[in-house]
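So you know, we letter chains A, B, ... as the sequences are listed, proteins then strands, and number each from 1.
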There are 2 protein chains.
Amino acid sequence: MSSQPRSPSINDVAALANVSYQTVSRVLNDHPNVRASTRLKVQAAITQLGYSPNSAARTLVTGRSRVLGVITLDVANVDGLAAMYGVERRAREHGYFVSTVALEHVDRSSMRAAVDQLAEQRVAGMLVIVPSEAADDALTSLPSSVPLVLIEGRPGHGIANAAVDQELGARRATEHLLELGHETVFHVRGLSDWMQTHDRVTGWRKALEAAGREAPLPLAGDWTAGSGYSAGRMLARIPELTAVFASNDDMALGILLALAERGLRVPEDVSVVGFDNLDASAYYNPPLTTVQQEFTAVGSRAVEMLFGQIERGERDDEQFLIEPQLVVRKSTGPARTA
Amino acid sequence: MSSQPRSPSINDVAALANVSYQTVSRVLNDHPNVRASTRLKVQAAITQLGYSPNSAARTLVTGRSRVLGVITLDVANVDGLAAMYGVERRAREHGYFVSTVALEHVDRSSMRAAVDQLAEQRVAGMLVIVPSEAADDALTSLPSSVPLVLIEGRPGHGIANAAVDQELGARRATEHLLELGHETVFHVRGLSDWMQTHDRVTGWRKALEAAGREAPLPLAGDWTAGSGYSAGRMLARIPELTAVFASNDDMALGILLALAERGLRVPEDVSVVGFDNLDASAYYNPPLTTVQQEFTAVGSRAVEMLFGQIERGERDDEQFLIEPQLVVRKSTGPARTA
DNA sequence: GCTCATATTGTGTACGTTCACAATCTCCTC
DNA sequence: GAGGAGATTGTGAACGTACACAATATGAGC
């Protein structure tokens, strides 16, 4: 029965401390011109009452909320998750909260709905971790002028973007295999409308072309280990197969299994490279050579870029690209001599 | 220079539609007694102005925000992530948002800080996905009376809890191995202060005891594949080893690698069972027998429980336990005959 | 001690919404 | 067509805070 006895407001604190509510407000917002003794009195009252500021009231009057909106995909993709933690931590360091909307499908209307919902919350800025081209398209058609930064989005839309240089990563992976003496490198790509898929294919193709080799047709995967396994079974039938670059570690795992089942040894017969450097991939059999991405760093950086926009009060199109590193493990070795 | 021309309010809509602001409010909140024609007029005005309600103002006056707070760990643990998506989706179906706080360390003070921050936001309820005993302790000592549901927490604290029956899962995993004729089952456990670690050890031990076997000393892991690998190297030296139950799939992966390196075949020489049923574990070499947990379902259910509390206006201690399923794959087989 | 600049504190108002209640309209019944 | 019940609409508050400005206190300089 006992209904909540309304939590204390700035006025209650003021009354207890014998000052005006405005003075309390000043203490809360760290205004300089408050006598030290007054400040102490107020702080004591705050503690005694267990007062905590009402962010709704604050948002209402200032017009800005200390909340950042994040739009993401609800498929459990590592990239997004890791970036999200980076975002959350950095935002909290700035005293901001993170409100998440997880999309099931990426299309213009669901994207629009997500943006509207966040706008309704009067978020101070938005981060979009939806690495599909459709997402970027949908965003450019949005009139909203809230500060906005993409994470792993497509550059060149006039929208700020923080990302890992996927193309560079793929090129390094491919070059590593070529340097080991492999004649060519097969590729298993990810879902077709993802940025990463496109960029990694490009990097792989460019590395091959630079070495004067013709790129074979890439095999279509969908990021899952299962699709890697299917691709692996296909690849295992190709006699001249000596090297594969998979667009992520999960698919590489499936490939490893498929090759093992066909009696092909890694790396003696076939070399395999992945992408992501999952924690687990160091313990695949054999441990996987892969490309490391610092997603958490990308997330943190994106938040900083967003705060830049928030402070200046307008969007910009800053671009941030971080270099991925190749991590060499036991799944790659010299090409077998035919 | 052109500063944002303040977004339209309920008053602007009222003026345009030639009604009072209160009528607009009624349309927004689906009150029954509004003439259809009036409703249409108002909705037209809303569309024309691109009006969206100000949730801060709404929260201020009603005292409740349409936001759910989630406290989680920022280590990328699958359990938490999957549960989170379940939470987010279900919350959004109810028209609620999810605000996340990711903890770096779990102790009383960081827990308290997280709760305070969410309280400051006036969240309608909180979900805690921090499966460590320390978290539960910290929560019981909190005076706050906000609706609260734990996900994978420890029951019996008088706090509502939604979880997978870890003990049952571990028992099923162990029984499966015993039924295959293994004399005993070794265990690699997770981090020591996690609920799951404790419950899975208990389930494993009980299954062994029920079969009249003595439980060997469990090996200490930390959930990572790396720790599983270390444990696996240790286990590989034990001559009577024929079966291992790892407390999660990642550690099982490490064990598989360690065993393979020592020339032990799975399942011919040693059977291995994991826990979690990661997407990838079906493609380990060999595909892993493991325990499947429906985290997304747990998350959804937790949200429902939370809304129950929110509607009733007080906490309760409802407990929800979901049964995990054993998924048998190729990493387990009959005990080798000595 | 007086003057004035500056430091400190206080007062009025607005933010956009919902709630409680008051006012008006509509239409049925007799 | 009067009465009244119910439907529909409107009015006056209040939520808790920050901003603009007004008022007062303090202390330095003479």
Item to complete: Could you check how far CG of A/N29 sits from P of D/dT17, rounded to whole Å?
Response: 10 Å
Worksheet entry | Exam field: side chain A/N29 to backbone A/H31, donor-acceptor pair closer than 3.5 Å | no
Item to complete: Starting at atom CZ of A/R26, determine the distance to atom P of C/dT8, rounded to an integer number of angstrom.
Response: 11 Å
Worksheet item: Closest heavy-atom contact between B/V87 and B/I151?
Response: CG2-CD1, 3.8 Å
Worksheet, complete the sentence: In whole angstroms, the gap separating P of D/dG16 from CD1 of A/I46 amounts to 15 Å
Worksheet item: What residues in residues 10-23 of chain B put a non-hydrogen atom under 4.0 Å from any atom of DNA chain D?
Response: B/V19, B/S20, B/Y21, B/Q22, B/T23
Worksheet entry | Carboxylate-amine/guanidinium proximity below 4.0 Å for A/R89 and A/E93 | no
Practice prompt. Rounded to the nearest angstrom, tell me the gap between atom CD in A/Q121 and atom P in C/dT17.
Written response: 15 Å
Discussion item. Quick check on contacts: within residues 32-42 of chain A, what sits under 4.0 Å from DNA chain C by heavy-atom distance?
Written reply: A/N33, A/V34, A/R35, A/T38
Worksheet, complete the sentence: Rounded to whole Å, CG of B/L60 lies from P of C/dG16 at a distance of 12 Å
Worksheet item: CG of B/L49 versus P of C/dG16: gap in Å, rounded?
Response: 13 Å
Practice prompt. Tell me whether the centres of the aromatic rings in A/F307 and A/Y96 are closer together than 6.0 Å.
Written response: yes
Discussion item. Could you report the tightest heavy-atom contact between A/Q121 and A/S65, atom names first, then the distance?
Written reply: O-OG, 3.8 Å
Worksheet item: Charged N to carboxylate O below 4.0 Å: is that the case for A/E304 and A/R301?
Response: no
Discussion item. Below the 4.0 Å mark, does D/dT17 have OP1 or OP2 next to a side-chain nitrogen or oxygen of A/S25?
Written reply: no
Fill in: Side chain of A/R64 (C-beta onward), nearest among C/dC15, D/dC19, C/dT18
D/dC19
Discussion item. Is there a side-chain contact between A/L139 and A/V115 in this structure, where contact means two heavy atoms from C-beta onward sitting under 4.5 Å apart?
Written reply: yes
Discussion item. What is the distance, to the nearest angstrom, from the NE2 atom on A/H31 to the P atom on C/dG10?
Written reply: 15 Å
